[in-house]
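Single-structure report; data block below.
Letters A, B, ... mirror the listed sequences (proteins, then strands); counts begin at 1. Both backbone and side-chain heavy atoms feed into the values below; hydrogens, waters and symmetry mates do not.
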2 protein chains.
Amino acid sequence: MTQFRSACPIASALDIVGDKWSLVIVRSMVVGATSYSDLLSTPEKISTNILAERLRRLEDAGLIRQSQPRQGSIRGAYALTAKGAALIPVVQELARWGEAQIPDRWTPPERFYAARPSDYAARDGDRAAD
Amino acid sequence: MTQFRSACPIASALDIVGDKWSLVIVRSMVVGATSYSDLLSTPEKISTNILAERLRRLEDAGLIRQSQPRQGSIRGAYALTAKGAALIPVVQELARWGEAQIPDRWTPPERFYAARPSDYAARDGDRAAD
DNA sequence: TTTTTAACTTGCAAAATGCAAGCGAGAAGT
DNA sequence: ACTTCTCGCTTGCATTTTGCAAGTTAAAAA
């Protein structure tokens, strides 16, 4: 992203994550997805080029990081940074809205609503467990 | 919108409001915007065709309603429905994230964080004050 | 009765999204 | 050790969404 539309925190937040995919990627990571293929195999069927580009953008924005930069050109697993994990309350509120206002939605797993940003913040700079 | 990507409440919520403009329109209405021109004159500079289309979509989705259907073909003022007002916690969390994670953002007015969905729910079906 | 203003619509260019196929490197099978 | 498989992407192209600029319609104001 190049510029913010305004200095409004809401509009600016949406300049970063206000597309159809970024927050579903965050959701997937909150419930345990770490690899490219984890994120691809989600029921929403994101296409591979979009996933790759979104991961790059989210990494550039500092919301995720590569926890295992593999040897060769191939990249490994992804994890939320503290800044990315700070979005957890946002996706939890979205989930509550969706559950309450849209018929026949799934109930997220318990660990989803239990997740807290601080669970991730402490790990920043660490490598994921091998 | 025609279909949901999945039955996930988050993905589905984003199928409805997961674009760059819907939630800034909700934000504007929470802080008092009611007319088309109020919504146009926001610092984010939404273009008029997008605003018109978004208002139609939000109305079709039941998030807003026209509180004063004027005579002639011209439509009047808009208001949040209970379903739309239920998004208030979502935009409040987005605002908190933006304030905390993006440098130099505005602090929203007090009434923004004070707003509660129930302030709007009771008015559903009413006409706005003239 | 001419001019403004408010609420849009229309036309077209640009950007984002989506589908399908391909590619390079390491792991796995034989 | 050599072929095959899988993973993590990239590339090409069609479709959809977004954005800018200008035009339209009806009511209100001058």
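Residue contacts shown for Arg5(B) are absent, as no nucleic acid heavy atom lies under 4.0 Å away. If you check every strand for non-hydrogen atoms under 4.0 Å, Asn49(B) touches a base.
As rounded to whole Å, 14 Å separates atom C1' of dC7(D) from atom CG of Leu55(A). We find that NZ of Lys45(A) is positioned 15 Å from C1' of dA20(C), with the value rounded to whole Å. Here dT18(D) presents its C1' atom at 14 Å from CG of Asp15(A), a figure rounded to the nearest Å. For the pair Leu40(A) CG and dC19(C) P, the interatomic distance rounds to 12 Å; values are reported in whole Å. dC9(D) atom C1' lies 12 Å from atom CD of Gln66(A), rounded to whole Å. Per the geometry, CH2 belonging to Trp21(A) stands 10 Å off P belonging to dT17(C), to the nearest Å. Rounded to an integer number of Å, the gap from CD of Gln3(A) to P of dG19(D) is 14 Å. Following rounding to the nearest Å, Leu14(B) (CG) and dT17(D) (C1') show an atom-to-atom distance of 16 Å.
Here the nucleotide nearest the side chain of Ser47(A), chosen from dG19(D), dA7(C), dC19(C), is dC19(C). In this structure, the nucleotide among dT17(C), dC20(D), dC9(D) sitting nearest to the side chain of Ile50(A) is dT17(C).
Tracing side-chain contacts under 4.5 Å through hydrophobic residues (I, L, V, M, F, W, Y), one reaches Val31(B) starting from Val24(B); they form part of the same cluster. Both Leu51(A) and Val30(A) are members of a single hydrophobic cluster when ILVMFWY side chains are connected at heavy-atom separations under 4.5 Å.
Ser22(B) and Asp19(B) share a side-chain donor-acceptor pair at under 3.5 Å.
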*Going through the distances and angles, do Arg96(A) and Glu93(A) end up as a salt bridge (Lys or Arg N to Asp or Glu O under 4.0 Å)?*
CA-CA 5 Å; Arg96(A) 286 191 190 99; Glu93(A) 285 301 332; 3.0 Å; yes
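Ion pairing between a basic and an acidic side chain is recognised when a charged N comes within 4.0 Å of a carboxylate O; Arg27(B) and Glu44(B) show such pairing.
Looking at which nucleotide of DNA chain D each of Lys20(B) and Ser37(A) is closest to, the 5′-most match is held by Ser37(A). Comparing Thr48(B) and Arg57(A) by the nucleotide of DNA chain C whose heavy atom lies nearest to each, the residue mapping closer to the 5' end is Thr48(B).
Not one side-chain nitrogen or oxygen of Tyr78(B) sits closer than 4.0 Å to the OP1 or OP2 atom of dA6(C). The shortest distance between the side-chain N/O atoms of Tyr36(B) and the OP1/OP2 oxygens of dT9(C) is not below 4.0 Å. Side-chain N/O atoms of Arg56(B) include one lying less than 4.0 angstrom from OP1 or OP2 on dT9(C).
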